[in-house]
Amino acid sequence: MEDLKGKTALITGASTGIGAAVAIAFAARGMRVAVHYNSSADAANQVVATIRAAGGDAFALQADVRNTQAIRAAVASAAAQLGHIDVLVNNAGSLVKRAPIAEFDDALFDEVMHINARSVLAFCREVVPLMRTHGQGGSIINVSSVAARNGGGPGAYLYAGAKGFVSTATHGLAKELAPDNIRVNAVSPGVIQTPFQ
């Protein structure tokens, strides 16, 4: 993948699991990466250390994806350090907790939707103008889930619904941003052995 050399990426939820693996793989192919995390600073710094030890270029940045201002600041910081953002990977997500339908409340709904759905659009809203200004197009990769298609496990319908939103919104964003040469795709992993699981 020689075409990735010199490109830049912001990967959300990159301190562990899929996000960490993506960050390390991108860096191994010559990309400069921003490793986003919320509360796992030590893990994020370890990902950065792993990348740097292999000769790559990476740095960590913190933001609570439930906070729009924090997202805006994180994207601005990533853009300032990277120069521009070629690739955005919206990987941050959380089941939060399982809840039978008779037990879920508004606060749980809001948290699950903010983390898994609203944050995706919020990061896109901040990154897309930067990609347009840079004039070289870009790529947005939204991490959905197989749960978006099968409803998830017991008590996980909120998470599944949020990921269903991501999958559907990705189609709309792809159509909107195609004229700007910005590709928008979603991937839907199944069960993978990560700290999330």
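Starting from 1, each residue takes its place in the sequence as its number.
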Are any of the side-chain heavy atoms of [X] and [Y] separated by less than 4.5 Å?
X: Val65; Y: His114; result: no
X: Met131; Y: Ile140; result: yes
X: Phe26; Y: Val87; result: yes
X: Val120; Y: Phe165; result: no
X: Val128; Y: Glu176; result: no

Test your reading of the model: is there a side-chain donor-acceptor pair from [X] to the backbone of [Y], 3.5 Å cut-off?
X: Arg132; Y: Asp180; value: no
X: Thr8; Y: His84; value: yes
X: Asn142; Y: Ser167; value: no
X: Lys163; Y: Gly151; value: no
X: Ser77; Y: Ala73; value: no
X: His134; Y: Asp86; value: no
X: Ser144; Y: Val166; value: no
X: Tyr159; Y: Lys97; value: no
X: Asn91; Y: Gly13; value: yes

[X], [atom1]: over 12 other non-hydrogen atoms inside 6.0 angstrom:
X: Phe59; atom1: CZ; answer: yes
X: Asn150; atom1: CG; answer: yes
X: Asp106; atom1: CG; answer: no

To the nearest 0.5 angstrom, please state how far the [atom1] atom of [X] sits from the [atom2] atom of [Y].
X: Ser39; Y: Gln62; atom1: OG; atom2: CD; answer: 8.5 Å
X: Asp42; Y: Thr16; atom1: CG; atom2: OG1; answer: 12.5 Å
X: Leu130; Y: Ile85; atom1: CG; atom2: CD1; answer: 5.5 Å
X: Asn185; Y: Leu173; atom1: CG; atom2: CG; answer: 11.0 Å
X: Gln69; Y: Arg72; atom1: CD; atom2: CZ; answer: 4.5 Å
X: Glu126; Y: Leu10; atom1: CD; atom2: CG; answer: 11.0 Å

- Are Leu61 and Tyr37 connected in a single hydrophobic cluster, I mean Ile/Leu/Val/Met/Phe/Trp/Tyr linked by side-chain heavy atoms less than 4.5 Å apart?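 No, because Tyr37 and Leu61 fall into different hydrophobic clusters, even though each may have its own neighbours under 4.5 Å.
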
According to a hydrophobic-cluster definition based on side-chain heavy atoms being under 4.5 Å apart (Ile, Leu, Val, Met, Phe, Trp, Tyr only), do Phe123 and Leu177 belong together?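 Yes, Phe123 connects to Leu177 through the hydrophobic network.
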
So if I apply the salt bridge (charged side-chain N to carboxylate O under 4.0 Å, His left out) rule between Asp57 and each of Arg29, Arg32, Lys5, which one comes out positive?
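With Asp57 as partner, salt bridge (charged side-chain N to carboxylate O under 4.0 Å, His left out) holds for just one option, Arg32.
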
*asked:* One pair to check against side chain to side chain contact (heavy atoms under 4.5 Å, CB included): Arg118 and Thr68. What are the steps and the verdict?
replied: CA-CA 9 Å; Arg118 192 176 76 175; Thr68 300; 4.1 Å; yes

Minimum heavy-atom separation for [X] to [Y], with atom names?
X: Ser15; Y: Ser40; result: OG-CB, 3.5 Å
X: Ala60; Y: Val48; result: N-CG2, 3.7 Å
X: Ala14; Y: Val47; result: O-CG2, 3.8 Å
X: Ile51; Y: Ala27; result: CG2-CB, 3.4 Å
X: Ala162; Y: Ala117; result: O-CB, 4.2 Å
X: Val35; Y: Ala23; result: CG2-CB, 4.2 Å

Leu88, Asn90, Ile71, Ile182 screened by side chain to side chain contact (heavy atoms under 4.5 Å, CB included) with Val127, the one that passes: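 Of the listed options, the one satisfying the test is Leu88.
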
